[in-house]
2 protein chains.
Amino acid sequence: MRSTIKDVSAIAQVSTKTVSRVLNKERYVSVETRQRVERAVAQLNFRPSAAARTLAGKRSYQIALIYDNHSPHYIHQIQTGVWARCIEEGVRLLAQPSDAASTQLADEIGGLIDQTQVDGVILSSPVTDSSAALDELERRGIPYVRISPGTEHGRSSSVSMDDVQAADDMTSHLIALGHRRIGFIIGHTNHTASDLRLFGYRRALDRAGLNFEPKYVRQGQFDFASGEAAADRLLDLPNPPTAIFASNDDMAAGVLTVAHRRGMSLPRDLSVAGFDDTALASQLWPPLTTVRQPTRDLAYAATELLFEDQEDPVHRRLAHELVLRASTAAPRPD
Amino acid sequence: MRSTIKDVSAIAQVSTKTVSRVLNKERYVSVETRQRVERAVAQLNFRPSAAARTLAGKRSYQIALIYDNHSPHYIHQIQTGVWARCIEEGVRLLAQPSDAASTQLADEIGGLIDQTQVDGVILSSPVTDSSAALDELERRGIPYVRISPGTEHGRSSSVSMDDVQAADDMTSHLIALGHRRIGFIIGHTNHTASDLRLFGYRRALDRAGLNFEPKYVRQGQFDFASGEAAADRLLDLPNPPTAIFASNDDMAAGVLTVAHRRGMSLPRDLSVAGFDDTALASQLWPPLTTVRQPTRDLAYAATELLFEDQEDPVHRRLAHELVLRASTAAPRPD
DNA sequence: GGCTAGTATGACAGCGATGTCAGAACTTGC
DNA sequence: GCAAGTTCTGACATCGCTGTCATACTAGCC
């Protein structure tokens with residue numbers, strides 16, 4: 001039923017080793033032999049057993065994607081990007097959800113490697129920042145690339161966008177519209193991107209000569225509910241902000257909901273900006289001004305780096321983009 | 001570095017075969033021997049090579065999830081459910097996005113099986129309905145379970161919810177609120193669920209003695225933009241509907257946007273209902289009345305069925321739930 | 001005591017590839 | 001015409017497990 005290299009070698013009249021050579025595109029196979037083998041492979045629709053290859057050789061033709069993120073949309077983008085590059089490379093993708101905060105993370109990763117002998121690993125935030133996980137990978141000499149790491153940037157190859165600059169751009173945009181009291185909702189405490197975005201917000205205020213006022217800044221957790229809570233507190237202030245910049249779209253959606261609930265007219269009474277440009281952003285009312293994060297492309301680029309197998313860590317930075325929609329406008333004159 | 005069964009057997013003072021027996025929970029191992037082996041395994045933190053197991057035995061300890069769906073949220077729920085059951089079973093999950101409409105689907109699946117020797121496959125809609133895919137799986141004798149299949153229900157084990165009843169329930173709810181002109185937006189043409197939901201809508205109208213009026217029904221494609229387009233056409237009718245029931249939440253979001261754009265006051269001027277209860281539903285304004293589809297649980301149950309390995313096809317049906325939020329209300333009196 | 005059935009263990013082959021190494025068949029340079 | 005490469009090919013061991021089969025021990029029973 002399933003055919004093996006032996007079947008192919010019988011048809012092509014060569015040794016199994018030669019078939020293996022053709023399969024692996026090794027040098028030193030004559031053109032004529034190669035063609036004969038390829039014909040036999042096609043005839044049988046032969047596909048080598050991954051298990052046997054893994055056992056005998058040094059490669060498993062599988063990589064793993066380790067993720068722990070609360071945004072399905074983000075994960076989906078990541079998976080799509082990684083997958084696209086894997087297909088091109090003829091490599092399978094193992095999905096490995098996990099808990100970045102768990103003390104067992106390193107052990108889980110060790111288990112994954114021991115069992116599957118994956119050729120490499122892609123880490124997405126916030127697992128990128130678990131040094132126990134990185135230690136484990138390095139101890140075993142498994143190549144890995146991180147997507148948007150928050151810490152130890154020099155430690156491995158990685159791809160990322162410029163969170164600071166993006167948040168700075170968005171804040172500057174709000175300032176340019178005329179806003180002077182700009183609320184900010186910080187992202188999840190575990191994600192370094194949260195700090196970077198906050199920093200970008202402050203930098204833009206500084207440059208514009210505006211005071212940084214802690215009361216206009218609230219902690220969120222990247223989810224809708226925390227966005228609602230933060231918005232409520234910001235809008236309850238005696239002198240509330242005329243614009244709120246949330247560190248991701250889900251929280252921005254929470255802000256919109258609170259504003260609607262209070263009967264505010266958007267964007268006249270309140271400008272709202274998000275971050276990520278998830279599908280959600282364009283499906284809200286009003287459509288959300290946000291930062292387009294090139295998530296899929298980041299994932300693709302990360303996987304590309306993984307296969308390139310560089311000597312020294314390489315970092316690629318992809319461009320973000322401000323997406324201006326109807327949720328931001330000039331503030332109502334005082 | 002990596003330890004093998006041999007290392008374990010040396011420490012436990014038994015043959016490698018006995019270690020293998022303990023690992024596989026086979027019968028006929030004395031309690032004392034089992035404990036000795038388990039201690040050695042723990043001491044070495046030993047984990048068997050999946051590749052060697054696959055090659056030598058009949059199992060690969062991997063299953064694949066094949067999906068092709070345009071809703072990230074749905075896929076994420078599915079993955080989470082499948083994954084949860086896999087973990088319990090000590091089995092790895094291979095992610096296999098694919099194109100249900102592609103003529104190469106069967107070949108891709110064949111390749112997947114030949115290469116990885118997966119122990120089983122979970123199919124999610126609409127790949128569930130590709131008979132070429134099912135043929136291929138059966139030809140190779142790979143167990144598979146389908147999540148919400150649309151066709152050939154008897155052909156394999158499956159899990160599903162009652163789409164007809166759910167759509168009927170929602171429509172009845174709108175009727176009970178007092179609506180008489182209820183618009184309906186059909187889902188994607190490839191998904192059988194689309195037909196079932198339409199049927200449920202008609203059934204509820206019938207039972208209430210309301211006429212089915214084709215002009216109140218528009219084709220959508222499960223995405224936001226098609227929801228917008230359909231809503232525009234429905235609301236442009238001379239005698240527009242007072243409620244619109246969209247076959248999923250993304251399209252319902254499109255309806256909300258159109259209504260907002262037209263300056264309508266929701267839900268007074270228009271009631272809107274969705275289907276799925278994705279995260280989106282509660283993040284919109286007004287929060288969306290919808291049908292909670294137990295997607296994660298369906299996936300979990302499907303995976304469970306896969307591992308149970310029944311003789312005859314088994315079908316499990318999970319309950320849906322109407323989630324009533326602020327997007328529906330009684331119509332404005334004429 | 002001798003028989004059967006059930007329990008417990010190990011020796012050994014083999015799964016389907018690749019790595020190593022040896023050797024044959026060509027080139028090339030002088 | 002011969003040594004020294006370079007190209008091409010195959011024999012065979014091997015990767016780390018599990019399947020098969022043989023064997024030994026323990027009860028239980030007539």
Side-chain angles (χ1 to χ4, degrees), chain A residues 1-38 40-41 44-62 90-92 111 113-119, chain B residues 1-38 40-41 44-62 90-92 111 113-119:
Chain A
M1 181 79 217
R2 266 192 97 264
S3 41
T4 71
I5 272 207
K6 253 185 159 161
D7 304 326
V8 177
S9 70
I11 292 183
Q13 309 262 47
V14 294
S15 72
T16 59
K17 178 65 213 188
T18 297
V19 176
S20 166
R21 284 198 181 92
V22 173
L23 258 29
N24 292 287
K25 303 195 200 313
E26 285 178 30
R27 294 174 53 193
Y28 303 143
V29 180
S30 71
V31 177
E32 194 232 349
T33 307
R34 163 161 289 129
Q35 287 175 347
R36 215 149 23 114
V37 171
E38 278 165 355
V41 166
L44 291 174
N45 197 15
F46 167 74
R47 299 186 249 235
S49 149
R53 298 225 288 187
T54 306
L55 189 56
K58 307 195 170 331
R59 297 191 54 191
S60 70
Y61 301 87
Q62 288 194 340
V91 158
R92 304 252 167 226
I113 296 170
D114 278 352
Q115 286 182 11
T116 67
Q117 273 122 289
V118 285
D119 296 334
Chain B
M1 181 79 217
R2 267 190 97 264
S3 41
T4 71
I5 273 206
K6 251 184 157 162
D7 305 326
V8 177
S9 70
I11 293 183
Q13 309 260 49
V14 294
S15 71
T16 58
K17 177 65 214 190
T18 297
V19 176
S20 167
R21 284 198 180 91
V22 173
L23 257 30
N24 292 289
K25 304 194 199 312
E26 285 177 32
R27 293 172 53 194
Y28 303 144
V29 179
S30 71
V31 176
E32 193 232 350
T33 307
R34 162 161 289 127
Q35 287 176 346
R36 215 148 24 110
V37 171
E38 279 165 354
V41 166
L44 291 175
N45 196 15
F46 168 74
R47 301 186 248 236
S49 151
R53 299 228 283 189
T54 306
L55 190 55
K58 307 195 170 330
R59 298 190 53 190
S60 70
Y61 302 88
Q62 288 195 341
V91 158
R92 303 252 166 226
I113 295 170
D114 278 353
Q115 285 183 10
T116 66
Q117 273 121 289
V118 286
D119 296 334

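Keep in mind the model is a prediction, meaning the values are calculated, not measured. Scope of the values below: all heavy atoms of this structure, side chains included, with no hydrogens, waters or symmetry mates.
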Discussion item. What does the B/S/- profile of nucleotides 10-20 of chain C look like, 5' to 3', with a 4.0 Å heavy-atom cutoff to protein?
Written reply: BB--BBBBSBB

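- Contact annotation: A/Y28 does not reach the phosphate of D/dC8 (side-chain N/O to OP1 or OP2, under 4.0 Å).
- Of the possible donor and acceptor atoms, none in the side chain of B/R92 sits under 3.5 Å from a partner among the backbone N and O of B/Q62.
- Exactly one of B/V37, B/V29, B/N24, B/I11 qualifies for a side chain to side chain contact (heavy atoms under 4.5 Å, CB included) with B/V19. That residue is B/V37.
- For the pair B/K17 and B/E26, the tightest heavy-atom approach, listed with the atom from each and the gap, is NZ-OE2, 4.3 Å.
- Axis angle, first five pairs versus last five pairs of the helix from C/dG1-D/dC30 to C/dC30-D/dG1: 40°, rounded to 10°.
- In this structure, A/D114 places its CG atom 17 Å from P of D/dC15, rounding to the nearest Å.
- Look at CZ on A/R27: it is 10 Å from P on D/dT6, rounded to the nearest Å.
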Discussion item. For a side chain to side chain contact (heavy atoms under 4.5 Å, CB included) check, start with the C-alpha distance between B/V31 and B/R34, then their side-chain angles and the critical distance, and finish with the verdict.
Written reply: CA-CA 5 Å; B/V31 176; B/R34 162 161 289 127; 5.7 Å; no

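- Atom CZ of B/R36 and atom P of C/dA8 are 14 Å apart (whole Å).
- Atom CZ of A/R21 is separated from atom OH of A/Y28 by 11.0 Å, given to the nearest 0.5 angstrom.
- Checked against side chain to side chain donor-acceptor pair (under 3.5 Å), A/S60 has the following partners two or more places apart in sequence or in another chain: A/D119.
- Here B/S30 reaches the OP1 or OP2 of C/dT9: one of its side-chain N or O atoms lies under 4.0 Å away.
- Remark: side-chain polar atoms of A/R2 are paired, donor with acceptor, to backbone N or O of B/D114 under 3.5 angstrom.
- Side-chain contact between A/L23 and A/V41: present, with at least one pair of heavy atoms (C-beta onward) separated by less than 4.5 Å.
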